[in-house]
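Everything below concerns the one structure shown next.
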Amino acid sequence: MAGHCERESAVACLVREAAEEAGLVIDPADVEFAHAVHLTDTPQAQPRLQLVFRARRWQGTPEVLEPDRCVGWAWWHPDDLPEPIVPYARAAIGSIRAGVPYSELGWE
């Protein structure tokens, strides 16, 4: 899941986006910070900071609620991620596995 914060905290954004995009209910107390990726897609693009959180628990089963943006939800082993995958997601997963809390992507 990914989203833009709407005058809300990052955790509140995660909780809202999980409900809107996947039908999941997440208690903010069950969320912990996992990683940050500072990225730019091109030298002219506006830089972004992607904050990645881990939810220890949730209620519900993931559903595709935005079929124009998502074709399905599935669990993947980190050594066998699908293609295509959003580059910052792959970078975050690799860094989390290595115990690295911050990474950069797309900077020259």
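Heavy atoms only: backbone and side chains are in, while hydrogens, waters and symmetry mates are out.
- Each of Val31, Asp30, Ile26 was compared with Trp58 under the side-chain contact (heavy atoms from CB on, under 4.5 Å) criterion, and only Ile26 meets it.
- In terms of hydrophobic clustering, with Ile, Leu, Val, Met, Phe, Trp and Tyr side chains grouped at heavy-atom distances under 4.5 Å, Val11 and Phe33 are assigned to a common cluster.
- Under a 3.5 Å cut-off, the side chain of Gln44 and the backbone N or O of Thr42 do not form any donor-acceptor pair.
- Under a hydrophobic-cluster definition in which Ile, Leu, Val, Met, Phe, Trp and Tyr are linked whenever side-chain heavy atoms come within less than 4.5 Å, directly or via other members, Trp75 and Val71 are assigned to different clusters.
- The two residues Ala36 and Leu51 make their nearest non-hydrogen contact at CB-CD2, 4.0 Å.
- Using a 4.5 Å cut-off on side-chain heavy atoms (C-beta onward), Leu24 and Glu17 make no contact.
- Closest of all the heavy-atom pairs between Ala34 and Arg54 is CB-NH2, 4.0 Å.
- In summary, of the residues considered (Leu39, Thr40, Leu105, Val37), a side-chain contact (heavy atoms from CB on, under 4.5 Å) with Arg48 occurs for Leu39 alone.
- Rounding to the nearest 0.5 Å places CG of Asp27 at 8.0 Å from CZ of Arg57.
- From Arg16, atom CZ reaches atom SG of Cys5 across 7.5 Å, with rounding to the nearest 0.5 Å.
- Between Trp107 and His38, the ring planes lie tilted relative to each other; the angle falls in the 30° to 60° range.
- Linking Ile, Leu, Val, Met, Phe, Trp and Tyr residues whenever their side-chain heavy atoms come within less than 4.5 Å places Ile93 and Trp76 in a single cluster.
- In this structure, Arg56 places its CZ atom where more than 12 heavy-atom neighbours from other residues, nucleotides or ligands lie under 6.0 Å away.
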#### Entry: Trace of the side chain to side chain contact (heavy atoms under 4.5 Å, CB included) decision for His35 with Gln50
CA-CA 8 Å; His35 189 73; Gln50 303 292 349; over 6 Å; no

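- For the pair Glu20 and Leu65, the minimum side-chain heavy-atom distance is 4.5 Å or more.
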